[in-house]
Structure formats: C-alpha cells, structure tokens
Amino acid sequence: MVNFQKIEKKWQDKWEKAKIFQVKEDSKKKKFYVLEMYPYPSSSGLHMGHALNYTIGDVYARFKRMNNYNVLYPMGYDSLGLPAENAAIKNKSHPRIFTEDAIKNFIRQQKELGLSYDWSRMVETHKPDYYKWDQWIFLKMYERGLAYKKKASVNWCGKCNTVLANEQVHDGKCWRHKDVDVEIKQLEQWFFKTTEYADELYEGIEKLKNWNDDVKAMQRNWIGKSYGTIINFKIENKNKVILVDAINAFVIKERGIFKEMHQLLEEFSNKKIILTNANDEEKKKFNLNSMPYEVFTLKHSPDKTNPDYYKQMLKHFCLKAEDVIYFEHNEEAVKSARSTGIETFHYDKDKKDLKSLRKFICTNLHENWPVFTTRPDTIYGVTFMVISAQHQRLNELVKGTKYEKDVNNFLKKIKSTKQEDLDKLEKEGVFIGKYAVNPINNEKIPVYAGNFVLADYGCGMVMAVPAHDQRDFEFAKKYKIPIKIVINPNDYSLSPDKMSRAYTSDGVLVNSGEFNGTNSTDAIEEITKYLEKKNLGKKTVQYKLKDWLISRQRFWGTPIPIIYCAKCGMVPVPEKDLPVKLPDDVKFTSNENPLLNHSSFVNVKCPKCNGKAKRETDTMDTFVNSSWYFLRYCDPKNDKKIFDSKKVSYWMPIDQYIGGREHACMHLIYFRFYTKFLRDIGLIKFDEPTYNLFNQGMLHGEDGTVMSKSAGNGVLPEEVSVKYGIDTARLFLVSMASQDKDVIWSEKGIQGTYKFTNKIVDYFDNVEISKKKNEKLESNLNKTIKEIEEHIEGFKYNLAVIKLRQLFENISKENEANKEMLEDFLKILSPFAPHITEELWEKLGNKEFISTAKWPKYDEKKIKIEFEFEDEFIERIKHDINTVIKLVGKEPSLIKIFVSEPWKYGVYKKLIKTESRDMKTIINDIMVKGHEKEIPRIAQSFIKNPNNFDKVVLDQEKETKILNDNKKELEEYFKAGIEIIKADKSEEGKAKQAYPGKVAILIE
RNA sequence: GCGGGAGUGCCGGAGCGGUCAAACGGGAUAGGUUUAGGCCCUAUUGGCUUAGUGCCUGCGCAGGUUCGAACCCUGUCUCCCGCACCA
C-alpha cells in the first residue's frame, strides 16, 4: 500500500518552502484571479463539504497556473461575527481568542488539503489593520450621505440580541435562528444607502455574463424594479375650522347648493365647525344649541360686511385667519372676510356649482396623498383606498375621528398575529372615517386601513380597483364595496355581479370618460401623460430594495467611527484616529454589548470641541467586511492606504469567483454595491467585482442531508486522509457529479477511487520507460488533454476524471511507455491529485515542481478517430467471438475471421456530395442494392462537419490491418489461434452467413 | 401568485440535432482466483432474437418543426429551489 500521508506531507512542506504559490504583479504575464468566498472560521473546523468547495477552486487555480497565467489565489477569514462572541460569553473569555484558535485550525486543515493558496496574502477581518479600512469606507460614505442614521421599523432577533438587515430575514425568521421570529422594533439605526445604486445594481445584472440565471433572477427579484405612475389622491387632513352661515346652511336646505353644504357639515362633523351669525331667537328657533356645533353671535348689530365682525369672531375663539375657512354668498361679506385673511368660498345661492365647491374643499381641507400604481389605466375604477396598517402617518389621519377606536382595535389584532400565520392571512381592513378624492374625476372614495398593504413599498397606500386586481377584489367583496368595471375584454363584457375574480388582463377601457375605447396598454401611457399635464401625477420607477441596515448591538464587529457630542452633535472620528479598536479588556457578563459599559471606550473627547462626548457602541454588520475583502487581497499589507490602486487594477476584476448561491441577495449584492461606491470615489475603475461566478453544489452526508457538524453527519478530511490519502478524496469529491450539483458522500464510492489512485502509483512503480512511440496512445492522450481543458473550464471535473481514467486504462495496458507520455499524463492529473503527481513526477527524474510545470499542448493532428474506433471494433469482435463460442459450446483451437466486402467506404462521402431526402432509405438502398441514387438535399450538418462521417469509414483494408495488429492480443485473450482472412466473394461463402461489410467468424 | 431549474436503466450521473442513447462510477447477478473472506479479474444487468454494426421498445406525458429529436418549439404533469399580499 502506498503511504499517501507521507507523500502529502513531503510535498506540502516543499511547496511552502519554495513559495511557489506566492505571486507578484507582473505586467508581462496575463493575470488570473481565482477566489473562493472566504469562510467564517468556525471553531468546529473543516469537514468534507469544505474540502469539496476548496478543491473546486484549487483545481481551477492549478490548471490556470500551469497554463502560464499569473494566478492570484488567496485565502482569508471572515473572522468577526456572532458565534465567536457567543462562545466568549459562554466561556467568559474573549472572542478574539476563539477566533484566532479557529483560524489556526482552519489553516492547518486547509494546508493538509494541498490547496495552492498564496498564504502570504492572508486577510483576517478581526485585525484592526483590516477593519480600520471598514471604518475608513464608512467615513467616506458618511461624507457623501450614503451612511446615515434614522429611526425606522427594524427587524430584531431576540436570540442574536441585535437588529438584522432585510436580507438577513428569511420567512420572517432570523437567518441564523430558523426558530426565532423576527420582531419589528422602532429603533434609531445606521444605514448604508444601497438604494442610491438600486438602478445600477439592477441594470448591471445584465452584464454579469457568467453568473447563473437563478442568482441573477434572485437579485432582480430582490431589487424589484417596476415602472409605474405616482398619482396624487387627496385626503381631507387639514385641521381647519369651518365657518358657515347658520341660517343659510340650515334654513334654506332645499335651495341650490345648500343641500350639499349641509351634507358637507355632516361629513365633517368630527371637525370644529362654527355656525356664524345666528341671534338668540334664531338659535332657539332652529334648535342650534342642541347640535354639535358652536355658534357665534354678536350681541349688537351683527354686520357680516364689516371686517371687524370676523376679527372679533377669531379673537373670541382664539383662532388665526389661516386656521379657518368660511362659506358665504353675500358678495360684500366675502370681501370683508377675505380682507381679514380668511379663505372664503363664495357661493351662489341659486346655482349648484359643485365643481368649485369640491375644488375649494380639496385645496383647503385636503392634502396630497400619492399612491404608486402600475395600472394607471384602471384609475376610473378606483372605488376605495387602502393605507398600510403600519403607515407612519395613519395615526394622523385617524386621530380625533369617531373611527379611531375601530382602527386601534384593528391594529392590535394585526400585531398579535404571528409571523407564520401572516402568510395565509385573509385580507382585512377597517374604514378610517376619511375620504379621498380621485384626481381624474373628483369622485369621493372611502379610505381603509388594511393588513395587506406594505408600509415601505411604493407610497404605503394603494388605490384599489376591485374589478381589475385580485386583492382589491377580495377586499371589496368582504366589505361590500362597489366594484366598477373600467376594462372589458376584447370579446365580451364584464358585469360586477357575475365576476368571481378580478379581470387583470388587457382590454378596452369603459366608464373612463374621455379614455373610453382606448386599449388598456395604450391607456397606461395616455392616462399617465394626462395626469402629468394636469400636475396630478408622474411616471416613476419603484424598487423593492431598501437601504442596508448595518448597525448591530453586538461587540464582535467593526466599531462604527462616530462620536456623539452634547455640543457638536454627531461627529465622525477623524481619519487620523482610525482604527477605532475593539478593547481587549471586556467582560462578557450578560447578553448585552459589553461596549456599552466600557468607559474608556465610550467616554471620549469630542474631536471638534474637545468637550465631553460619547462613542457609538453599535458595530457593523459582518457583511460589511466581506464587501471589499477581495480588493485587500491585492495589497493586503498596505498600512498607508486601503490598497494601492495600481495593484488592484492589475488583479481585478476577479476572473473566477466561487461560492454558494445562498448569498445571492446578501453578499453578492453588497459587494457589487461597494464596488460601485469605491469606483465613484475614484479608487477603482471597474463597475463590477466579477463577471464570472460559479455556484458550487453542496456535499450531503450519507444520510442525505447537508453535511455539517451540527447534523452529525460530518466526514472529517483528516480521517479520510489517513485511510485513503487526500488526493483520493479530492478526486472522488470532484468526480461524483458536475460541480454545480449537490452530491452525496459515499464511503463505498471513495473506495472505487482509492483503487484508481493505487493503480496509478503502482503502475508508475513498475512501468518500463522506453522510447517506443505508440500512435494510438498518443492520439488518446492528445484527445484527453483537449477534453480535460474543456471540462475544467466548464467545472465538469467529473467528466475530466472519467477521461483520465479511460486514458490511464489504455496506458496501463502496456507495461512499457515513453517518458513524455507519462509526464503529460501526470501533468493533466496534477490539478486533481497534486501530491502523488509531484511524487511520481520526481520519480521520473524531474527536479522542478509539477505544480509549476507547463500544461501540455495537444496536437489536433495527432488525434485520430480511427484509433478510437479501432478499440470499439476489437471489442465487438471479441464480443461476437464469445457469443459464437458459447453457441458452439467448445473451446476453440483456431478462430477464423473473414473480413468481407467494404460497403461503408464512400457512402457517406457520397452523401456529402449529393443531397439526401431520407438518409435511412438511401443508405439501405446503397447497402442492399449497391448503387447510388440522385439525392435532392443535403442535411446542412453533413456539409458542415464531414469529419463526423470519416469516423465510421473503415474499409476492408483497414479492418484487416486492425485485426492483424491486434492478432496477438486476441490470441492471448482466447487462448487460441487466430486466422484473419481478407475475404473475396468465394471465401465469404465459407462462413455460414456473410453480410456485406461485416466480419464472419468461424471456429474450429 | 411570480421567478429560476430539473425529469434519461436498480441508483448517482453522461449525452444537448445525425457517428452513439446509457459514457463513467456505484449496486445487483453469475463465473474465475482464493483454504475461506477480502482484494483482484471476467461476463451479464429494457424486450425479442440459435453467429447480425439485427429488430422492437425506450430518455415524465401529448402534440409540432425537421429527411432525422432525449436534445429545438408548444401545451401538460411532477419535483426541487428562491421570492412572496411589491399595488
């Protein structure tokens, strides 16, 4: 048995000593940056799943390196984060201790996997010389308003004891704790303004050439760009006192516009209303005192035409002119009222000028409440509005109305609903006692608070069109709100009573004023234009993406470099004072952030006024660190700058990034955001960190679940390595399926690979080196080199390994071989099995490392298909002979093989030259009748690729030759004499049956 | 509901317009080797067939395009993954 472990150790040491994987910028050499997502150094160390991940990158890096690229292949650790802190709390220790132990362990294990990292570039994010630059970037963002603090509804995980970013909430649960419901809290938090780049992040997705479609789709989904229209609806929300002439309003109800004014008073009965100009007699007569209105009476000679009348009234009620509106018909009185600054509606007793009345009320009592819609074509069908139950200003609308109680009860009910039930929740709502005005037709529509409207998307309020939106439809049905059809399908008419669901497709507009008859798709454009012209709305784009909440109430993260001064307010830490270091002398007594009580950390002098000040104790999300680590690898030790732009522009962008797709909406968005920001402040010159992203599959344990320590199905590389050697493990891991698929670890499976590696070593130990050329093997080798290149590039290592196996199978049939061929074989095997190939390479007398040897160049001319066919041909002959032997039922002493008339030769060539309607018929014709036919059409592919047909062209001569070449082998195989007979017609007859173009076999 | 992906022997998986369906691995069965077991070697592993580069069936189901489809198109079913009341 081969001592793989000894070989591994030997070469790992040699590589390290010779520093062969360390790289420098070299303008003469083409660079290639291979990067795996760096790991969080968990204390449980590596299992086989990690080994698979890193092997994928390592094979790629080794392959590129041998192909003469200047390969940057670094490794580092995302070493700030909660688990280390939790471990510290548990053990009353410091997270740094845990982290640094874990890193040591990681490095040792990774080195044992034979990974070809440039260790000199290692980055550890918990080191102040790294997070200093996190803080530096923060300051740059702060300067530009991209880092800001605001009070917001945020996600809180009770177990992490900190807030979370939107991206870290999955199905309402914490990303780290699948059993913990995220709470919504109102807190003052730090944000990065990712939305500033929403559009570029969205549009840039298209340019990410070699990213998986699903990851790109996820990002598109997450950023959620949609085009639509903002429309200004109006809701009564200005707290003005309404002054109305009592006599007019209540006495002459039935005349002209007074009826409407009377209704108006009813409607606004929750507001302060003052009836003016009624004397005691009138009060009594109309029973005004029993009404919920205040009545203003002047003791002496009330004269509405005198401005003093209004001044006294305002003074009496302690009101200012701008607090009131007044309705009056007497022209003189209107003038006087207006002269005191009161907004006055001048109505005509006998005319019903509703339009003016509404307009007056709108401008004086209503304010704009914009809504976002993608369907402005349905605006005439709006029959209610729904404001989000979580809307910040809902309270403002409801306060003081008689519906306040209803609304509050409703809100309580929503809050008590669990997150899990929320998904299946029925649409519910409550009328809030307010009406909105549809700007396109001034219709009055009720406003509801609803549980299905998101507060932080669009405007937090929607216009509801029950006829043409399913959610609105359900809501309207439930609360018996009218359904108004404004779009009919092209071939029939809808009717509200008969609808069982909303009609959401295209159609023709009806009940839509001047837009009747317009196609709904066109109407979207036209109505938007109309609204824009009237200043009632505008075209717009909305994003689902929200700003990135980066502050965490935890210790083990990058401190936010901000100081709060009583005098100067919020003051950023000056650049020269960076880094703000995490203190070492902290006590983890509770689940609370120990920075809060660390006085030398918290109590500082204000950088501006030198007065007493306090430091921010929140730290940054760990994803901040990983958003730019790939840049630091380019210049990891720079203590003057974040990095040298020249070095970065040599190495970046990443040529091949490798990592899990689970980061699609987290790290993979953040690192694009950072890249764009750093570009905009002039540090880098590219738009995207990488255009090539490969998402590897996951390794599952033999029980079928994802391999992890907590699942208890982890397989340790150390143990596998002792049993089979790490090269065997690498080969096996990579050969189960293509690298994008999940695979299941199998103890049986690796044993198969173990046989293979052993056979290789064994063969090289015993092979006789000769100068003999073997054309057939050479063809096979060249073909294999070509195929392996393609398979590695395409992350189909499984196929590459198969080709290697097949090649080796062929090579090992001979017990002598020429040196070049053996070397080439080792070279193309070496990315997968670097240790044993180094060892065997050395055995062949090489002084340099195979890891840095040149990848062999294949020669297309040496790839000869006949050889491939030859094997197949011989295999078939063997099979046939075996069948015959079985049938005859005796051991043969002599086997005669008749090679008969060729028929294939030329058939295909002719087909290339002529045109075929039906290949099969023609072939049959030629086969059977032996003649050609005029054929009308060539299948294009025949012309394009005549080589396809040469493969099967074997004539009698060639077949005879092949058989003669293999005569010895056949004789050995069957332990019988072999006679090969090039048959003419007469000899064919000697065989029992002779088919044209086939061999006939006779056993004696 | 929206979006992404996948359905191929007993299993994992190749093939992605014609050479050629099932490479390669695992499993199973039979035989050889062996004192025995393991290792190793050989053969078989959709159906039919007494010598075939044979015939039939067949790549989830149903259609279509094509001289020709596992592969392209349409519909349909099933499964996996992501997002989810996004107005």
Side-chain angles (χ1 to χ4, degrees), chain A residues 170-171 212-218 220-222 224-226 228 371-375 378 386 422-427 450-454 456-465 469-472 474-475 542-544 661-662 664-665 732 735-738 740-744 746 748-749 751-753 755-756 758 796 798-799 801-806 865 869 872-873 876 879-888 904 908 915-922 935-942 945 947-954 973 991-995 997-1003:
Chain A
H170 302 303
D171 294 331
N212 272 345
D213 288 341
D214 60 340
V215 172
K216 288 198 271 190
M218 278 189 244
R220 275 199 198 97
N221 235 311
W222 188 261
K225 184 177 186 176
S226 58
V371 299
F372 173 71
T373 181
T374 54
R375 294 292 304 273
T378 62
V386 188
L422 218 62
D423 303 341
K424 302 152 214 152
L425 207 64
E426 206 180 316
K427 284 149 198 56
N451 64 348
F452 67 99
V453 176
L454 301 171
D456 47 11
Y457 179 75
C459 304
M461 176 152 77
V462 296
M463 60 177 227
V465 187
D469 182 282
Q470 187 57 24
R471 291 158 304 180
D472 301 346
E474 285 167 31
F475 194 86
Q542 284 289 325
Y543 301 93
K544 287 194 229 172
R661 47 166 60 66
E662 70 273 14
C665 298
F732 172 63
S735 63
M736 284 182 279
S738 60
D740 55 334
K741 298 220 167 84
D742 289 353
V743 286
I744 297 179
S746 142
K748 282 252 169 159
Q751 284 170 13
T753 310
K755 280 184 221 168
F756 177 52
N758 268 305
K796 303 220 159 184
N798 56 328
L799 301 183
V801 173
I802 286 165
K803 296 297 170 190
L804 281 166
R805 274 174 178 267
Q806 286 169 343
I865 304 301
F869 192 81
E872 201 181 306
F873 180 66
R876 282 186 192 276
H879 174 223
D880 290 347
I881 295 172
N882 268 322
T883 316
V884 176
I885 292 170
K886 239 190 235 165
L887 282 166
V888 176
K904 278 182 180 169
Y908 295 105
E915 292 190 7
S916 159
R917 225 194 148 68
D918 180 350
M919 255 272 287
K920 206 162 179 179
T921 326
I922 300 306
I935 306 159
R937 204 164 89 193
I938 297 185
Q940 294 290 326
S941 60
F942 284 127
N945 211 349
N947 282 341
N948 283 349
F949 305 97
D950 283 341
K951 288 179 199 171
V952 290
V953 174
L954 270 189
Y973 181 83
K992 278 188 181 169
Q993 270 178 292
Y995 293 87
K998 294 157 193 167
V999 293
I1001 296 156
L1002 202 62
I1003 291 184

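Quick note on labels: first sequence line is chain A, next is B, and so on, each numbered from 1.
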Can you figure out which of [options] approaches the side chain of [X] most closely?
X	options	value
A:Trp222	B:rC83, B:rA87, B:rG27	B:rC83
A:Asn798	B:rC83, B:rG13, B:rA87	B:rG13
A:Phe452	B:rC85, B:rG5, B:rC83	B:rC85
A:Lys755	B:rC39, B:rA87, B:rG5	B:rC39
A:Lys741	B:rG13, B:rC85, B:rA84	B:rG13
A:Ile802	B:rC24, B:rG3, B:rA87	B:rC24
A:Ala217	B:rG4, B:rC85, B:rC86	B:rG4

Gap between atoms [atom1] and [atom2], on [X] and [N] respectively (whole Å):
X	N	atom1	atom2	answer
A:Leu799	B:rC24	CG	C1'	9 Å
A:Leu804	B:rA23	CG	C1'	15 Å
A:Lys427	B:rA84	NZ	C1'	12 Å
A:Asn212	B:rG5	CG	P	9 Å

Quick one: label [X] by what it contacts on the DNA or RNA (base, sugar-phosphate, nothing), any heavy atom closer than 4.0 Å.
X	value
A:Gln806	sugar-phosphate
A:Gly224	nothing
A:Lys544	base
A:Ser738	sugar-phosphate
A:Val453	base
A:Arg805	sugar-phosphate

Judged by atom type as modelled, is there a donor-acceptor pair below 3.5 Å linking the side chain of A:Asn212 to the main-chain atoms of A:Asp214? no
Using the [atom1] atom as the reference point in each nucleotide, state the distance between [N] and [M] in Å, no decimals.
N	M	atom1	result
B:rG3	B:rU74	P	14 Å
B:rA70	B:rA22	C1'	11 Å
B:rA36	B:rG32	P	11 Å
B:rC80	B:rG12	P	15 Å
B:rU57	B:rG9	C1'	13 Å
B:rA62	B:rU45	C1'	31 Å
B:rC20	B:rA69	C1'	14 Å

Return no unless some side-chain N or O of A:Tyr457 is found under 4.0 Å from OP1 or OP2 of B:rA87.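 The answer is yes; a side-chain N or O of A:Tyr457 sits under 4.0 Å from OP1 or OP2.
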Under 4.0 angstrom between A:His170 side-chain N/O and B:rC83 OP1 or OP2: yes
Could you report the tightest heavy-atom contact between A:Lys225 and A:Tyr543, atom names first, then the distance? CG-CE2, 3.5 Å
Hey, which sits more toward the 5' end of RNA chain B by its nearest nucleotide, A:Cys665 or A:Leu454?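 It is A:Cys665 whose nearest nucleotide is closer to the 5' end.
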Taking for each residue the nucleotide of RNA chain B with the nearest heavy atom, is it A:Ser746 or A:Asn221 whose nucleotide lies nearer the 5' end?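 The 5'-side residue here is A:Ser746.
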Which nucleotide, in any strand shown, forms a Watson-Crick or G-U wobble pair with [N], with both distances under 3.5 Å?
N	result
B:rG82	B:rC2
B:rG52	none
B:rU74	B:rA62
B:rU29	B:rA43
B:rA23	none

Decide, for B:rG60, between syn and anti: a glycosidic angle within 90° of 0 counts as syn, anything else as anti.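 This nucleotide is in anti.
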